[in-house]
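So the structure is just underneath, and the comments pick up after that.
Reminder, nothing fancy here: chain letters follow the sequence lines and each chain counts from 1. Just so we're clear, the structure is a prediction, and the values are computed from it rather than from any experiment.
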Amino acid sequence: MTTPELPTQYAPADVEAPSYERWVAAGYFAADPGSGREPYSIVLPPPNVTGSLHVGHALDHSIQDALSRRARMRGFETLWLPGMDHAGIATQNVVERELAKEGLSRHDLGREAFVERVWQWKEESGGRILGQMTKLGDGVDWSRERFTMDERLSRAVQTIFKRLFDDGLIYRANRIINWCPRCLTALSDIEVEHSEDEGELVSIRYGSGENEIIVATTRAETMLGDTAVAVNPSDERYAHMIGREVELPLTGRMIPIVADDHVDPAFGTGAVKVTPAHDPNDFEIGRRHNLPSLAIMDERGVITAHGPFQGLDRFEARPAVVAALRAEGRIVAEKRPYLHAVGHCSRCKTVVEPRLSLQWFVNVGPLAKEAGDAVRDGRTRVHPPELAKRYFDWVDDMHDWCISRQLWWGHRIPVWYGPEGEVVCVGPDETAPEGYVQDPDVLDTWFSSALWPFSTLGWPEQTEDLARFYPTTVLVTGYDILFFWVARMMMFGLYAMDGEPPFRTVALHGMVRDQFGKKMSKSFGNVVDPLDWIERFGADATRFTLLRGANPGSDVAISEDWAAGSRNFCNKIWNATRFALMNGAVSTGLPDELTPADRWILSRLRTVTETVDTAFEDFEFAKISDALYHFAWDEVCDWYLELAKIQIAAGGPTAENTKRVLGHVLDALLRLLHPLVPFVAEELWRALTGQESLVVAAWPVPDAAHADPGAEAEIESLQTLVTEVRRFRSDQGLKPGQRVAARLSLSGTALAAHEGSIRALLRLEEEPESFTPTARLAVGGVTVEIDTAGAIDVAAERKRLEKDLAVARKEQAQVTGKLGNEQFMAKAPEDVVSKVRARAAQAEQDIARLEAQLAALPA
RNA sequence: GGGCGGUUAGCUCAGCGGUAGAGCACUCGCCUUACAAGCGAGGGGUCACUGGUUCGAACCCAGUACCGCCCA
């Protein structure tokens, strides 16, 4: 085997792209449904076709990649399936904007040509994110890449629509829906974002004289469409007015006063205006009282009601209506600014307009019930479990889902209307009767994304993939999308797959934030571009930084400093392996003869492997990263490599054995690191082992035979001694490299066999014939006498000893207090008491020793 | 208004009954032949507040304050 010369610094850019290409070419990421292995499958939450890789994706993908890489190493038939969704509104907006530059609208092209144009855009500039995923190292199965508008996936959409339709779970109705006057389409409830905005609350006097009633509203312009005033039936103030009519100002129309339980007598005057065509609550009141619905706006939010306000935008009309009312003396009170919740289009932030229109809905009742039950009865586990409650709150109180969109880009609703008003739902292999016209609308994008876990595997065909990889093992996504998407996939998956939920586990992570825990936003200027980080710090460092902060369900704070720290970590591993290779480390199995240092690091390796395995089961990526970081840096690099240097320098069989232990430990460490930092781990592992790829190497199994508490205790006491003497050296101003003579008294202690190592680590020479130590240190049972080769800094030494003494005395006080407490002695468990006794004895000893040392110091 | 989560070192977070931890930042000394993207040493915390349970509370319970998120 040749040992390639590694540079002193890890250069990610030289390694990443070629490695990735090699992995793909070797077919490591392609799943084989025909293998006999147990399946492990993940579907990638499909990014938006208009999207590009942002730091939230980077986190989500890093987690999925870590999970699937580890699963592959553990021998599972692993599928991580990539793809995109067609993002109806977003994509249509992008292409319409492009057209606008040419002075065209989609109507100029016509529907067919427009859709053709969108496809063209998709081929050319859509899906940039897929290329970016390779930079991050995503080990996805590219042979199974899917798109929600693919023919097969579209077939799945049509199939399930037809089934739901035939089962009576899809219906068409005239309802108040959320309407975006800019996107000109209906939105579902969850596509509306609510925020506390400043508005106004205006109290208006309707009617006159005895028939006078005051209503308050934040949307004065809608009064033009009022068809009633409502009061609570139990409200005595208005009891006598129920059934009467009052004159609606500005219009001269007479409208009734109705009694409705849903009116809150405590809000405002207790009387509310009722605008059934422009408010969901009012719509319900209108239904209950048979009130007419009077639409006063068009689809762009422009007033259509006859009169002086016609042609005004809704926001221009508001002050105009108020001014007109004021001129008539109708305004009783005005509160401005008035904070209230306002809905905005999640896509374009335009204020949503409740609009009465004919739309398609999914009756979610039975589907949502089943989606909730699947989590309740454990068919699907939500992790972390605290978030399951949010899921239940949502699915147990879900409103019917408005699925029609007034767009051209998307799956067209497969319903055709006949000349006599017939309605026919057409399945995938059916054709509509002659002369029928198809519904012009398309389906909500989430309707097709809800099929993702099975449409991508071939459903409705009974494919091999579907049989093998459904239900998927785990879904990894942000908690923000739990009800947006997860709940919908649960509903459709359970419905289409006979009660088999789409995932065994839903693992939720948080949002990525900046180093102060602040949300990233363009206007705040704290947005991290993962591609920029990949370029500057490497893909591994970018991934490691994200994973290191990722605790289940909680947000991740990151900063450039931390990315640099992760890069340093990669470099540390790099150099450790480089050192090992320079010294002939080999991964050819462990030798029979092991030194205490060898046994210690192997024992630690076993523990760390176990810790990592356990943490993976609970998606505790922060714990996994920390365990490996600490093991690699603080134990392997800081101690084992230093001890190995000494063992190798000793020559002979010890040296040869050490090379094998070193090789074994690094081999295992790189395997454990591979899911997190695949590029650097791969490069080093190939250099170390000469084998083809770590991607398909076996995951380490913790070796119980390596547990060695004795060796751990031995090395720990060595560490304590070394650190203590280094502290002395540092306090005394001895340079790290400066060699000084010392006498060690180790016989009879656990460190008797370690004199050579201790001297090497501490740069202590053998004492000469005529040895006159200037300082004497005692650590545990060991005495170290040192000739500091000059006058000792008495002040520094006194300070050091006094500090230690203070610590020991404090400990003693605390501990003797406990031992003197009868209750403690009577009730505390025996192991705690004996521990405290041991601490007391230790403190006693330390105090005596330190006092003696202080007394011995020259004045 | 309803619900959930949080408050531990300068920052971000672990710890969740028995001696307060990590990373980064900070101080001091070092280019000690794997690594200055490094090495060695060090400083830094009435664990938000108030009560309770307990021999013992950062941890369990109750309440208060503040922060964040979701829903209405």
Side-chain angles (χ1 to χ4, degrees), chain A residues 6-11 189-190 194 264 341 384 386-394 397 479-480 482-483 510-511 513-519 537-538 541 545 548-551 553-583 585 620 622-623 625-627 629-630 633-634 637-638 641-642 644-645 722-739 760-763 800 803 807 810-811 814-815 817-818 821-829 831-833 835-836 838-839 842-843:
Chain A
L6 299 176
T8 61
Q9 285 195 349
Y10 171 53
D189 292 346
I190 52 177
H194 293 274
D264 177 6
E386 305 92 84
L387 287 172
K389 195 183 163 353
R390 256 196 217 185
Y391 172 83
F392 293 137
D393 287 349
W394 173 256
D397 183 30
Y479 59 69
D480 57 325
L482 185 59
F483 24 80
M511 308 292 106
R513 293 164 175 275
D514 75 5
Q515 60 194 306
F516 304 112
K518 283 228 173 347
K519 219 178 221 164
F537 303 112
T545 303
R548 209 175 175 199
N551 288 114
S554 61
D555 290 346
V556 181
I558 59 167
S559 83
E560 217 166 285
D561 281 350
W562 306 342
S566 301
R567 175 203 56 192
N568 297 354
F569 176 61
C570 293
N571 196 49
K572 189 73 182 173
I573 310 294
W574 178 268
N575 276 291
T577 310
R578 185 168 155 262
F579 163 82
L581 290 171
M582 280 163 41
N583 284 278
E620 308 227 55
K623 195 179 271 183
S625 312
D626 267 351
Y629 184 96
H630 177 255
W633 201 313
D634 300 341
C637 292
D638 286 353
L641 286 189
E642 296 305 322
K645 280 178 191 174
V722 169
T723 301
E724 200 51 37
V725 177
R726 279 176 179 163
R727 183 170 157 234
F728 168 81
R729 289 184 58 126
S730 182
D731 287 347
Q732 286 299 318
L734 291 172
K735 305 290 181 214
Q738 190 177 340
R739 292 176 188 280
L761 290 172
L762 289 168
R763 308 229 145 60
R800 192 171 71 89
K803 196 186 143 199
V807 170
K810 193 179 161 198
E811 166 80 353
Q814 203 177 62
V815 152
K818 282 196 178 195
N821 182 338
E822 278 175 38
Q823 296 276 24
F824 174 78
M825 297 304 284
K827 294 186 177 168
D831 62 316
V832 172
V833 174
K835 231 183 249 175
V836 172
R839 281 168 59 194
Q842 185 64 52

Check whether any side-chain nitrogen or oxygen of [X] sits under 4.0 Å from OP1 or OP2 of [N], and answer yes or no.
X: A:W633; N: B:C39; value: yes
X: A:N583; N: B:A34; value: no
X: A:T723; N: B:A41; value: yes
X: A:K645; N: B:A34; value: yes

Tell me the closest heavy-atom pair linking [X] and [Y], and the distance in Å.
X: A:A622; Y: A:R548; answer: CB-O, 3.3 Å
X: A:A563; Y: A:A541; answer: O-CB, 3.9 Å
X: A:T8; Y: A:N571; answer: O-OD1, 4.0 Å
X: A:W574; Y: A:P7; answer: NE1-O, 2.7 Å

Between [options], spot the one nearest the side chain of [X], thanks.
X: A:N571; options: B:C11, B:A37, B:U32; answer: B:A37
X: A:A828; options: B:C55, B:A37, B:A14; answer: B:C55
X: A:F516; options: B:G29, B:U12, B:G42; answer: B:U12
X: A:D561; options: B:A25, B:A37, B:U32; answer: B:A25
X: A:S554; options: B:C39, B:A34, B:A14; answer: B:A14
X: A:R726; options: B:C30, B:U19, B:A41; answer: B:A41
X: A:K389; options: B:C4, B:C13, B:G38; answer: B:C4
X: A:R839; options: B:A14, B:U19, B:A34; answer: B:U19
X: A:N575; options: B:G29, B:C35, B:C39; answer: B:C35

*Within the side chain of A:R729, is there an N or O that forms a donor-acceptor pair under 3.5 Å with the backbone of A:K735?*
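Yes, the answer is positive, given that a donor and an acceptor are paired below the 3.5 Å cut-off.
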*asked:* Between A:Y479 and A:D634, which residue's closest nucleotide on RNA chain B lies nearer the 5′ terminus?
replied: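 This one resolves to A:D634.
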*5' priority, RNA chain B, between A:T577 and A:D393 [closest heavy atom]*: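 Result: A:D393.
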Classify [X] by what it touches in the nucleic acid, base, sugar-phosphate, or nothing, heavy-atom distance under 4.0 Å.
X: A:N551; value: sugar-phosphate
X: A:R727; value: sugar-phosphate
X: A:Y629; value: sugar-phosphate
X: A:S559; value: nothing
X: A:Q515; value: sugar-phosphate
X: A:A557; value: sugar-phosphate
X: A:L641; value: base

*Check whether NZ of the Lys or CZ of the Arg A:K645 lies under 6.0 Å from the centre of the six-membered ring of A:F579 and within 45 degrees of that ring's axis.*
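Verdict for A:F579: a cation-pi partner in A:K645.
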[X] [atom1] to [N] [atom2]: how many Å, rounded?
X: A:E642; N: B:G40; atom1: CD; atom2: C1'; answer: 11 Å
X: A:R729; N: B:U32; atom1: CZ; atom2: P; answer: 14 Å
X: A:W562; N: B:G10; atom1: CH2; atom2: C1'; answer: 12 Å
X: A:Q9; N: B:A36; atom1: CD; atom2: P; answer: 6 Å

*Could you measure between the two C1' atoms, the one in B:G15 and the one in B:A22, and give it in whole Å?*
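Each nucleotide's C1' atom is 10 Å from the other's.
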*Looking only at atom C1', what distance separates B:A25 and B:C66, rounded to whole Å?*
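It comes out at 26 Å once rounded to the nearest Å.
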*Considering only NZ, NE, NH1 and NH2 on the basic side and carboxylate oxygens on the acidic side, decide whether A:E724 and A:R800 come within less than 4.0 Å.*
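Yes.
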*Counting only distance, no hydrogens or angles, is the base of B:C35 paired donor-acceptor with the side chain of A:K572 under 3.5 Å?*
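Donor-acceptor pair under 3.5 Å: yes.
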*Anything below 3.5 Å on both distances counts as a pair; with that, list the stems of at least three consecutive Watson-Crick or G-U pairs involving RNA chain B.*
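Correct response: B:1-7 with B:65-71, B:10-13 with B:21-24, B:26-30 with B:38-42, B:48-52 with B:60-64.
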